[in-house]
Every structure is written in structure tokens, then in C-alpha cells.
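Written out below as C-alpha cells is the structure these notes cover.
Hydrogens, waters and symmetry mates are skipped; everything else that's a heavy atom, side chains included, is used.
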There are 2 protein chains.
Amino acid sequence: MGGFHVNKKNEGEFPTRRRGAELEAAIMQAAWDELMEVGFPNFTIEGVAARAQTSKPVIYRRWPNREELVLAAIHKILPAPPDEVPNTGELRSDVIIILNQLNDILRKIGPETIHGLMSVLTGIPLSELINFRRTNAMSTILNRAVERGEIRHEKVTARITRLPVDLVRHEVLITYEPVSQDTIAEIVDEIFLPLIK
Amino acid sequence: MGGFHVNKKNEGEFPTRRRGAELEAAIMQAAWDELMEVGFPNFTIEGVAARAQTSKPVIYRRWPNREELVLAAIHKILPAPPDEVPNTGELRSDVIIILNQLNDILRKIGPETIHGLMSVLTGIPLSELINFRRTNAMSTILNRAVERGEIRHEKVTARITRLPVDLVRHEVLITYEPVSQDTIAEIVDEIFLPLIK
DNA sequence: TGCTATAAGATACTCAAAGTTTCTTATTTA
DNA sequence: TAAATAAGAAACTTTGAGTATCTTATAGCA
């Protein structure tokens, strides 16, 4: 028992029905827009379909559910930070650059969406959900600082390497404090550098 | 157009229909059990009503929605940590006690539920959602350590006071690492104490 | 150029659960 | 013992997830 069909035959010169990559890109953009406008808890597949001027089955043929669609849109739309690890010649400014990149990404996605994803995609740490190849950036920065003789390598433990990133994440996601330049400076100058210098 | 009613008249000696505080307690327990068994994403009001052997309107008369019901159950059922702030006479062991209490609470509620609540109750920091009057415990501990002469008061900034609690929260909620005694010791001995001593 | 495979799009399902309404009746209280 | 209160039963509306079925536009190929 099929539906009531009103498709018009298109005798025109170029296609009006999108397919493949073009259609996919339109859906990703629509999903992102929907997420930004209504927020994660109100994000619906139907809303995305309407916005992209397509229909639900088209979306379900590509992504199995709400969460995967959101995750895909995030990875597709969000500009990844540059691949190169900052290298200013000074540890402090390198770390501040990394922390600003992280803060930007988290702020753009929004805590509400991140919490929503983490609630549903159980047991997957944030670094796996949203990993812009930033995992090793801090290590690289610290190795360079050791090579320059700026810090001593015995000070560089795994926990201290993660510390600044962890604190920015905590600030954005758990306390909802806006992470200003002052906040970042505080984390770096009051916590991180004293431990490693 | 009301429903089909099969209530039996109870001519017995004592009430079979619960009300007030007794009913409320049964609902809270049912909500907690439901949360523990099916997890936050699958938690339903209908499930709670069935489990508590009552009906949806009874629940909706008291709590406006799913999230508030969960939040109420958490606060009702979860044993709050003791009111007294630990006072062993040594900073290190006091901090370890606090961090273990925090870890216990977060583990009992579960990251999935916490993320779910934070996604829906937008903009409310974790410390307001789940505040077992622990907010000032660290301050008290540090003040006592200053009084004992164990540390100097200039070292005690707001950020350093929050640091150990922040790191445990981050570990449980963001990285999903199990917080062992070793992890807590690492946070205290490798990060916190070196900054404050 | 026309044929065929593919996939888009429309529509209508089913199912579950949120939240509401209406009614009856048990229980408390005055 | 009567009146007020609130529990409980059931059916309702609405929304959205996810699926199934069909038609038809389009791409790629013969």
C-alpha cells in the first residue's frame, strides 16, 4: 500500500533531485543548523529532513539514529583546528594556543550537545567522540620544550601532560564557567607551569 | 469520558491505598531502582509508575517531568556524605577522604545519568545539581592546615582549592577512567600537594 | 539515444512514551 | 457521618523514532 505520490516528471535540462555527496552535504548542514537552533534535546530527524527538504528514509539510509547523525554533522561541519602543533619557541604560548583551540571547539559544539552525546553513547570518553587529532599535541609541545632545555624531562608525567586540557574541559563542561583569557592564563601560570618548571 | 473503573471498595481495617509521604517515598524508591536498572536514557515515567504500583497522574502531580523526578530521587535516596568535614590532623589524608566521598557519589549516580541531566537542565553547573553541602569542605580543610602551620595561606587560591575536586570529576565524567586509590594518590601527591606546600 | 540499475522522495505505517483529562472511590479530617 | 482531598484507572492527544512500500528521477552504460 504505497503512498499518495505527487512527484512531477522533470523534463528540464539539469537535475533537481540531489543525490550522493551533494545530498549528504545538504543533510549535514541542515543537521548542524538544526542543532544550533533548537539544541540537542529538541533535535529531531524529522526537523532535519524538513530543513534539508528531503525525507526521513533518506537520512536513515545513511545514519542509523539521532546520535550518529549529530556526531557526523559535528565532524563534517566543524572546522578542525590546524594539523600543525603550535611552535612559538616558548612553552607558555604554545600551551595557550592549544587551550584556546580546545575552548573554541567545545564552545562551538556546546556543552548541552556534548553531555547529550555522552549520556547516550555510554562509556565512550570525550576524547574518542571528538578527537581532532589533538591528543598528542601537548606531548609534542612538551618534548620540544625539553629539547630546548626550557623544562626538565623528569617533570613531564602523563598526568601533568593532560592537566591543562583536562582543566579547560572541566571548566567548560562541568562548571559552565566562561573560559576567558584570564582563566586560561590562570590555569597555565598558577597550576601548570609551577608544576613543570 | 472517563475510563473503565474496577476499584474495589475496601472495607478492611487499615488503608491499602497509600498517600502523602508514604506514597512519595515509594515513588522515589521506584524511580531510583528504575534508574539503576534501565539507565537514564531508558528511564520512563510509565516504568516508574508500574514499578511503584501507582499511575502516571500521581507522579505528574508531584514532579513536572522526567528530569525533576530523577533529580528528586537522587537527592532522596542517595546517602549524603557525613556533614562533618574530615579532620585527621593532616592535610593529605583529609583531602583523600573528600575525594573518595566525591568519587563514591559520582559512581553511584553514574556518569550516564549525570550527563543526561546536564544535557537537559541546561546551564546548571554540576555543583548546583548535586550539592551535598560539600562545596566548602575543601576550604575548611585548607584553613585548618594553614592554622596548623602545615601550609602557608598565600598559596591557597580559589583555583587551587577547587583543583583536586575538579580533577576527580573530570576523571569520572569526561575520561571515564576508574578512579582508583592510585589515581587519587597521584592527583594529591603529584599535582595538589606540590602546588601548595 | 534509450535501457537499466540505483537511489531519492512521498507517504503512511507501527510503536513507545510524554503529558493530560476525566472520572470514580478510598481515606482523612472536621 | 459528611465533606474535602487525593489516589488510581483508563483513555486520550501529540510527538517523534524508526520502517515499509511505492513511484519516479537520474546516472551510467550499451
Checklist entry - For the side chain of A:R62 and the backbone of A:L69, is there at least one donor-acceptor N/O pair under 3.5 Å apart? => result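 No: the side chain of A:R62 does not pair with the backbone of A:L69.
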Checklist entry - So with a 6.0 Å cut-off around CZ of A:R148, is the heavy-atom count from everything else above 12? => result yes
Item to check | More than 12 heavy atoms of other groups within 6.0 Å of A:E154 CD | outcome: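 Yes, the 6.0 Å shell around CD holds more than 12 heavy atoms from other groups.
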Expressed in angstrom and rounded to an integer, what is the separation of [X] atom [atom1] from [N] atom [atom2]?
X	N	atom1	atom2	value
B:E22	D:dG8	CD	C1'	15 Å
A:N42	D:dT14	CG	P	19 Å
B:R19	C:dA26	CZ	P	12 Å
A:E24	C:dA7	CD	P	12 Å
B:R17	C:dT24	CZ	P	13 Å
B:I27	D:dG8	CD1	C1'	11 Å
A:W63	D:dA17	CH2	P	15 Å

Checklist entry - Looking only at side chains, do A:N100 and A:Q181 share a donor and an acceptor under 3.5 Å apart? => result yes
Item to check | Residue pair A:D33 / A:Q29, side-chain donor-acceptor N/O under 3.5 Å | outcome: yes
Checklist entry - Residues from residues 44-62 of chain B sitting under 4.0 Å of DNA chain C, heavy atoms only? => result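 Heavy-atom cutoff 4.0 Å gives B:T44, B:I45, B:E46, B:K56, B:P57, B:Y60.
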Item to check | Derivation of the side-chain contact (heavy atoms from CB on, under 4.5 Å) call for B:E67 and B:L71 | outcome: CA-CA 6 Å; B:E67 303 81 72; B:L71 209 46; over 6 Å; no
